[in-house]
Amino acid sequence: MNYETDTIAAIASGLTDSGIGIIRISGNRVLDILEKIFVPYNNNFNVNNIKSYTAHFGHIVEAESDNIIDECIIIYMKGPHSYTGEDIVEIDSHGGIFVCNKILKLVLNSGARLAEPGEYTKRAFLNGRIDLTQAEAVMDVIKADHEDALRISVDQLKGSLKNEIVRMRNIIIHENAYIEYALDDPEHVSLDGFSEKLKIIVKDLLSDIKYMLDHSEEGRIIKYGVNTVIVGKPNAGKSSLLNSLLKEERAIVTNIPGTTRDILEERALVEGIPLNIIDTAGIRDTEDVVERIGVDRAKKSIEDADLILYVIDASINLSKEDYDIIDLIKNKKVIVLLNKQDLKQVVTVEDINNLLFAPVLCISLLENMELSEIGHVIKDMFYSGELSIKDNPVITNQRQKICLENAYKSLCQVNDSIDNCMPEDFFTIDLMEAYEQLGLIIGESMQDDLVNKIFEEFCTGK
Amino acid sequence: MAYIEENYDVIVVGAGHAGCEAALASARLGMNTIMFTISMNSIAFMPCNPHIGGSSKGHLVREIDALGGEMGKNIDKTYLQSKMLNQSKGPAVHSLRAQADKEKYSIEMRKVLQNTDNLTLRQGEIVEILTDKKENTVEIKGVKTISGAVYYAKAVILCTGTYLNARCVYGDVSENTGPNGLKAADYLTDSLIAHGIKMNRFKTGTPARIDGRTVDYSKMQEQPGDETVVPFSFENSEEDIKRKQISCWLTYTNEETHKIIRNNINRSPLYNGNIESTGPRYCPSIESKVMTFADKEKHHVFIEPEGEDTNEMYVGSMSSSLPEDVQYAMYRTVPGLENVKIVRNAYAIEYDCISGTQLKSSLEFKDIKGLFSGGQFNGSSGYEEAGAQGIIAGINAARFCKGEEPFVLSRSEAYIGVLIDDLVTKETEEPYRMMTSRAEYRLLLRQDNADLRLTKKGYEIGLISEDRYNHLCEKEKMIEKEIKRLHEEKVGANKRVQNFLEAHNSTKLKTAASLAEIIRRPEFDYYSIEELDVNRPVLPKEVIEQVNIDIKYEGYIERQKRQIHQFEKMENRKIPADIDYNDVKSLRIEAMQKLSSIRPETIGMAKRIQGVSPADISVLMIYINQK
């Protein structure tokens, strides 16, 4: 069932100057193309009896001029056992945009056509290599014009999100089955006290779903990393810390308190550990409404954080605001940074040790003093297991979010039915709806609408 | 010596609950029909429990009636006691059950059959089906009896119940008979196998019948019928069928009973390997119950009358295949049965049947044109399940003869739809019993609205009279009008209303509200707000019932309707009949095999086949879409 017979090619490794550049060709003419452009080192090599999943060493050569373009390894994967389900050849070259482009041009001149964004995935889908929800995830990515993130998105569907949804569905189906079992066999199964029990279960499910909804991030690719929040009262040097970690100016740095009004989120690699860093608005009581929102969000970020970097201006006394912050973070993993070591020290390491159980570092961001020490501390915490990358399921897709909201509504209905003392068989309607809606997120249930949408975008579009 | 006897449109093999409905539907639709039975004295015979209906089965009977079938009317004529079960639960699971006078049930059904035009009854055993091979298709041609008479017909309906190669067993006694000592049908299976039909072997069982004079009812709880009797047939009113009801009796097994069973378990053919076929999990023998629910101290035992003209009583929930001496011993441990005398032994019965996956939703065989089947032969259990398939097979055999499209009910329309869909898409490994839980959309598939769901269809098919149809349309209008009135009529937040609400512990109104809104409050219903509803018209009881349910559960009904809407989209996606699954490359092998053997008619059906995953379905949909 090949829907498209032409052969497509593209640079699969992205247009960066990396060590290796991969040109991927997919379709039924890959071997013809290979024969035209590839000169193997092994004289016995013959494209007509090349075996699937074998690699071959040789040169890519421009036929007319006999010019060697690059030395490379080619890998052949015969369909249907390949990503797209079609015959695939991958050319691993020495990378570099210039070389890759040259090889690609040669491939295109030899009978392939340039692949459209997402076309490999489209073919994989049409050939049944990936399922609908995976295809959907890919579609989101294509729309975001960000092919690299494809795998993350697809993996996400298979990973923690799926596990969480499956867990919730199992709970729902178990309770539903019990009700139905009792309806069918009232002699042996009693529903006495069931409603009270179910109410608690539904309450837990609702709070789990609420959490996922609150943390859903539409249209964004999930970033894996240690969720790190920078806190401190205004002008303590939080934004400077962030900038130093990122080595570039992101937040507006001034010495007017309250400059950072919203939350900035950045990604940094510190000693090889990925951090998702959130710089919070300075936490303090404020009359300014806009800033107030920022403060509330900062408090929420703290709740969700894996690691807190607490910046203290060591040149002034600890204030009520500092004690408020300490109160907020006392149960979290914290690294305290005593900033402004260049000025006269008022707050000492001992002062902090009396208040918080956390490592304390003395820094001076203005002088960029000993920043790497922070990295070492984080690294130690990470490898000792004190810190870990949270793999929280996050919904990133609008349709999935709607399904999750529907499931939430249905479970609220179950709750209402319990409160209204409805007979147990009424619970099953909304329990099953929640089950179905959750199933739609992970492709365990399927509705016509999704299939249609995918058909439209994949099969009839373009 | 073979000779040609006669030509018919439709031949029905078997005169049990499936056969009777099939033959009546076919004859009433104008088909010249003949029905064969092994014994004219066992038409519509009830070889097991003496009641019709019960949880979800009651729904089936009302649906049969709504389509123009006979079972509901026949039980209304011959019931001894009637009960609406599960009244404490929601309206979806209310279920009607009536104790039957078995003999009268059989006689009354025979009367109806014998007074039906176009219908011939014939005693005789069918030993062969006859077919014609035409190019790629096989067509049914007729049947042959044991005496060699050949009957030709355009369509044949097999309703052989538990009679094919039947064997009755208790202890080490094994007899090759059908139920209740009736002759088994020993030859037809071979003919079916020769035609490529795959046979299964199932098992079921029945408890002893006891002498009512030897029962001490003072040690049991009386189970009387309901004061208000709801007829099974929508054509009957309570007054039409009112009678003095006869009670059933409830008693229990005890540790002594269980001890006797456990001590003799190796003498039970179910446990010593003498019976290997599969029995119904949902209708277990007492030995299975004792072994499965080991920590249960007692099990219900219902003593039910078999009829008014006999003193035999049925020992409900104690079916068994234990030897006779163990049966005596165990029954006599039950309070009230200490001195009991057995009239007929409990026994297990084994019989040949098919896997329903060889059938289309119309109950026609996929590989033999014009051959239909219904009832226990299709792997189901129960009189009601049989009757339900019977009427559909009868209707579709008639439509087949007339060259009309088959009549198929969807899972969202009727329990009958659920029953047949399950039978034809799922490999049943045990006798299939209807259960409430099998119907996804049960809030809409209630026993009280079967007429509103199906009688129009019955009319279009031709089994419902003009009168009955008009009556239904009138009922519909009355319901609609009254619901509209209750939504439109408002009560203000005045003193009279507030006092009424307060008196019923209900929140007071802030602004005016419709009567429907008041009814929907958990503490009220249509009946209890009568005082508030000054303009209430006089309406028939069955209209009020519908109005109340529709308003009271409006939100739930709406949500279920939305679910059905989604469901139907997949049901309406047809799979081409000539699809070659080998051609659908990316299907997993298991899915490919299942789909090739079951050949589902729609994507919806394909989804329900075990071993077919959502990913397989998307592959299949893409394939069909691209074609």
Side-chain angles (χ1 to χ4, degrees), chain A residues 1-3 79-80 85 124-135 176-177 179-188 191 406 409-410 413 416-417 419-430 432-433 436 439-440 442-452 454-455 458-460, chain B residues 55-56 85-86 88-93 282 289 292-293 296 299-300 317 433 435-438 440-443 520-523 553 555-557 559-560 562-563 566-573 583-588 603-604 607 613-623 625-627:
Chain A
M1 86 176 182
N2 285 324
Y3 304 106
F125 171 66
L126 292 176
N127 287 318
R129 300 294 298 172
I130 56 174
D131 70 23
L132 275 178
T133 44
Q134 290 172 323
N176 196 71
I179 296 174
E180 302 202 323
Y181 186 23
L183 292 178
D184 284 331
D185 190 1
E187 186 193 338
H188 294 106
L191 284 171
N406 288 341
K409 275 185 221 151
S410 292
Q413 307 268 25
D416 290 350
S417 299
D419 288 347
N420 289 335
C421 299
M422 296 295 288
E424 292 84 359
D425 51 299
F426 279 94
F427 306 163
T428 62
I429 295 173
D430 297 308
M432 283 318 284
E433 184 60 27
E436 177 80 6
L440 287 170
I442 54 171
E444 284 298 318
S445 45
M446 210 187 300
Q447 284 183 353
D448 207 54
D449 303 352
L450 171 60
V451 179
N452 279 342
I454 298 206
F455 281 148
F458 263 15
C459 305
T460 56
Chain B
S55 182
S56 79
L85 305 178
N86 298 329
S88 65
K89 304 213 168 80
V93 292
Y282 304 104
K289 278 197 258 190
T292 315
F293 302 99
K296 200 93 177 150
H299 294 277
H300 290 160
S317 301
R433 181 179 152 179
M435 288 188 295
T436 312
S437 61
R438 301 197 196 262
E440 297 87 342
Y441 309 113
R442 55 183 167 263
L443 183 58
R520 222 175 289 134
R521 291 187 172 189
E523 56 277 18
Y553 307 118
Y556 295 93
I557 290 172
R559 297 206 287 282
Q560 188 118 85
R562 281 206 297 273
Q563 292 174 346
Q566 277 301 337
F567 161 81
E568 278 172 351
K569 286 187 185 170
M570 294 294 244
E571 292 306 297
N572 293 337
R573 276 182 182 267
D583 209 32
V584 191
K585 270 200 309 201
S586 313
L587 284 176
R588 288 170 313 111
I603 291 285
K607 255 174 78 174
S613 73
D616 295 318
I617 292 295
S618 63
V619 167
L620 184 58
M621 289 175 82
I622 295 158
Y623 177 84
N625 217 53
Q626 298 279 323
K627 273 266 156 168

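Because only heavy atoms are used, hydrogens play no part in the values below, and waters and symmetry mates are left out as well, while side chains stay in. In what follows, chains carry the letters A, B, and so on, assigned in the order in which the sequence lines appear, proteins first and then strands, with residues in each chain numbered from 1.
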Keeping A:Asp425 on the side-chain end and B:Gly90 on the backbone end, is there a donor-acceptor pair under 3.5 Å?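 It does hold such a pair.
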
Interatomic distance, A:Asn406 atom CG to B:Arg562 atom CZ [nearest 0.5 angstrom]: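 CZ of B:Arg562 is found 8.5 Å from CG of A:Asn406.
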
State the CG-CG distance between B:Asn86 and A:Leu183, to the nearest 0.5 angstrom.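 The CG atom of B:Asn86 sits 7.0 Å away from the CG atom of A:Leu183.
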
Is there a side-chain contact between A:Gln413 and B:Arg559 in this structure, where contact means two heavy atoms from C-beta onward sitting under 4.5 Å apart? yes

Correct closest heavy-atom pair for A:Asp184 and B:Thr436 would be OD1-N, 3.2 Å

Nearest heavy atoms of A:Ile429 and B:Gln563, plus distance in Å: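 Closest heavy-atom pair between A:Ile429 and B:Gln563: O-NE2, 3.1 Å.
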
Pick one of side chain, backbone, both or neither for A:Ser410, based on which atoms fall under 4.5 Å of a heavy atom in chain B.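 When you check distances to chain B, no heavy atom of A:Ser410 falls under 4.5 Å.
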
Contact origin within B:Arg442 toward chain A - heavy atom pairs under 4.5 Å: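 Only the side chain of B:Arg442 comes within 4.5 Å of chain A.
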
Heavy-atom distance under 4.5 Å to chain A: side chain of B:Tyr441, backbone, both or neither? neither

Among B:Ser437, B:Ser56, B:Ser88, residue most engaged with chain A (heavy-atom pairs, under 4.5 Å): B:Ser437

